[in-house]
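Numbers restart at 1 for each chain; the letters A, B, ... are given by sequence-line order, proteins then strands.
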2 protein chains.
Amino acid sequence: MATIKDVAQAAGVAPSTVSYVLSGSRKISAETRAAVQAAVEELGYHPNAGARSLRSTRTDVLALALPLSGTGYLPVGGRFMYGLSEAAGRHGYLVLLVTPPGAGDAGAGLERAARSRFADAAVLMGVEMEDPRVAAMRVLDFPVALIGHPADESAAPWTDLDWEESALASVRALRDAGHRRVLYLATVEEDVDTRRTYSVRGIRGAERAAAEAATHVDVCHSSGDPAELYRRLDARFDAADPPTALAVQHPAAIPGILRHLAARGIQVPRDVSLVAVGSFPEDLGGLDVTRIELPVAEMSAAVTRLAAEAVEAAGDPGRSGGPSARHRLIPPRMIRGSTVAPAP
Amino acid sequence: MATIKDVAQAAGVAPSTVSYVLSGSRKISAETRAAVQAAVEELGYHPNAGARSLRSTRTDVLALALPLSGTGYLPVGGRFMYGLSEAAGRHGYLVLLVTPPGAGDAGAGLERAARSRFADAAVLMGVEMEDPRVAAMRVLDFPVALIGHPADESAAPWTDLDWEESALASVRALRDAGHRRVLYLATVEEDVDTRRTYSVRGIRGAERAAAEAATHVDVCHSSGDPAELYRRLDARFDAADPPTALAVQHPAAIPGILRHLAARGIQVPRDVSLVAVGSFPEDLGGLDVTRIELPVAEMSAAVTRLAAEAVEAAGDPGRSGGPSARHRLIPPRMIRGSTVAPAP
DNA sequence: CTGAAAGCGCTTACAG
DNA sequence: CTGAAAGCGCTTACAG
């Protein structure tokens, strides 16, 4: 593989000059620059990543800390990996996947990635309200940006869909259609239990909706086990006062829910209205569901920008006064489908 | 961040001794080793990745070349990212995502990753029958392993589900249930057109099934646009001799297909039987579909092993005689669900 | 069984 | 406008 020396020799200049041409951090005569660029092209030269990072302490890599799999949001993980890889690429970053450790200690793989300087910053997925990884990275003085809206908004830069407003808007849309008994199906309970930000904030929004209006909102946790989920639904629909509408923050379950309800003779939207909270079109099996979509591309772009800023800030001296805690909270956008009808 | 010098100082030994303790490539007295390990622990030392790779030409990173998104297999990408990250982790590797370039030149991002030595080897997804990335990486002498069964089986090490046998087995299962007119719904046509290995081989299997037996097999390409897909289905079901069974290699479309057929009064399995070729349970919206599952964990483990071997081989001298072209072709395993019934 | 030293390929003050 | 030189943090022959 060609090194900077090879390029320098081919161009008839010093290695340092090649470096300056490539970084653009010094004025170079047009002649010299052209010669160097020709040599670079000719030799297919790309600077060695290890040498560059050793010297400059920049790797041009973002570590993406994956959430534990096995939750109801598995498909989401894949979307963010794609989305972040693309957004990061536009900023000149590559994305390194960091799988969560088997047990206990939050951020073992992440900590290794940080301490070994595999990356310049970490992007955290599956963020919890009080996420231990944030503190762990702060100790290491390692920049982070979160996909998730943590309890302490100034703990680290973050971006998220406004799940609280999303849940609220979903219930309101059903209320405005005349529904007075709404079942809010939250995320799977593992996510609730670990206090994932989207779980907690979605439920919070549902509870706010319950408090504000003439609509009764029953909050029920979903389950990764369809049979268990259907039992919970049945309990509600067997009750004296069954819901007339559903807001569902577990979009992957929606096709199955519709099938289960249909088997009970319950049609959407004839008998029950439905809104999906934070979904992709693909989650819905081609159904034209009224929904709030998860803006993955926008969130990926935002978190990349925040991470890049955090990297810059870590280099600067003016940063010592604590994290700047910029964030981007994305308001919900409702997409009207055909699953909301006036209450019977 | 602690360096090897800090550890050496704390342990009262030379830096080289620390290195030897960590690599295990030299006999070290128990005393010395204990002192070094204590210092490593104490300081939370992790060797700098850049320095290590600069010196040893090992990065402990695998580059995962992503397929273009937007195909019918988007969810699959996410599964492999998770699966590979986990499998790679067990072999001591981290996974770096490499997004395909916007246009033309196959492997620009990949080529950069290879030339800059961001990784020790590349794992290719979305492999085409004659994949230009394989040749590109060979020129660079960069090890690869493929998730996909290429035309030239000895071009590079690879693993794949045996899609040809999978399609064959699916049609045979339907034939054995008495079906004589089977519609094979292949992958989305973009994948067929780019000659993705799973597309081509799935169709090949369907055609073999057509040739071998008293069953008529109609091969139809799927579409990422549901409306278009349903038009194609309608054309078949409106024909004089409509199919009595479907084998579907586009699992994400199955919930929608069932809904569309139901709207036409066609019930599964009463009127039409169905087999899914290469799916995940989640693709199927909780339906108990008779299917051949895509063994992501097994494939991830296999491709990791192949990549690791390719890295070793690249270091060895005995390798110059061309690629060893090991592979692992995984036979289909049929999971019986409730969507296959005797032919009417 | 352990250490001193060279050098991997860069970047960036220092010098002119 | 350009170059010679130091050094980032490791690994690994070389030496004892």
So, is A:S29 near the phosphate of D:dT2, with a side-chain N or O under 4.0 Å from OP1 or OP2?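 True: A:S29 side-chain N/O within range (under 4.0 Å) of D:dT2 OP1/OP2.
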For [X] and [N], give me the distance from atom [atom1] to atom [atom2], rounded to whole Å.
X     : N      : atom1 : atom2 : value
A:R33 : D:dC1  : CZ    : P     : 9 Å
B:N48 : D:dG7  : CG    : C1'   : 13 Å
A:K5  : C:dG9  : NZ    : C1'   : 8 Å
B:L54 : C:dA6  : CG    : C1'   : 13 Å
A:D60 : C:dC10 : CG    : C1'   : 13 Å

The answer to which of B:G12 and A:M1 contacts DNA chain C further toward the 5' end, by nearest nucleotide, is B:G12
Item checked: Nearest heavy-atom neighbours spanning B:P47 and A:S116 ->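 It is O-OG, 3.0 Å.
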Here the pair of heavy atoms bringing A:S85 nearest to B:L66 is OG-CD1, 4.2 Å
Let me check something: any side-chain donor-acceptor pairs from residues 11-20 of chain A under 3.5 Å, sequence neighbours excluded? List them with distances.
none

Query raised in the report: So does B:R305 pair up with B:E309, basic N to acidic O under 4.0 Å?
Result: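 Between B:E309 and B:R305 there is no salt bridge, as every charged N stays at least 4.0 Å from the carboxylate O atoms.
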Report yes if some heavy atom in the side chain of A:D141 is under 4.5 Å from a heavy atom in the side chain of B:M1; otherwise report no.
no
Dot-bracket for DNA chain C, 5' to 3', Watson-Crick and G-U pairs with both distances under 3.5 Å, [ ] for crossing pairs, | for partner on another strand, reads |||.||||||||.|||
Across all chains, not counting sequence neighbours, the side chain to side chain donor-acceptor pair (under 3.5 Å) partners of A:R26 are none
Self-check item: Partners meeting side chain to side chain donor-acceptor pair (under 3.5 Å) with B:E298 (sequence neighbours left out)
Solution: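 For B:E298, the residues satisfying side chain to side chain donor-acceptor pair (under 3.5 Å) (neighbours in sequence not counted) are B:R328.
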Using a heavy-atom cut-off of under 4.0 Å over every strand shown, decide if A:T57 touches base, sugar-phosphate, or nothing. nothing
Here the salt bridge (Lys or Arg N to Asp or Glu O under 4.0 Å) pairs for residues 114-124 of chain A, sequence neighbours left out, are A:E111-A:R115
Per-nt protein contacts along nucleotides 11-16 of chain D (heavy atom under 4.0 Å; B base, S backbone sugar-phosphate only, - none) come out as BBBBB-
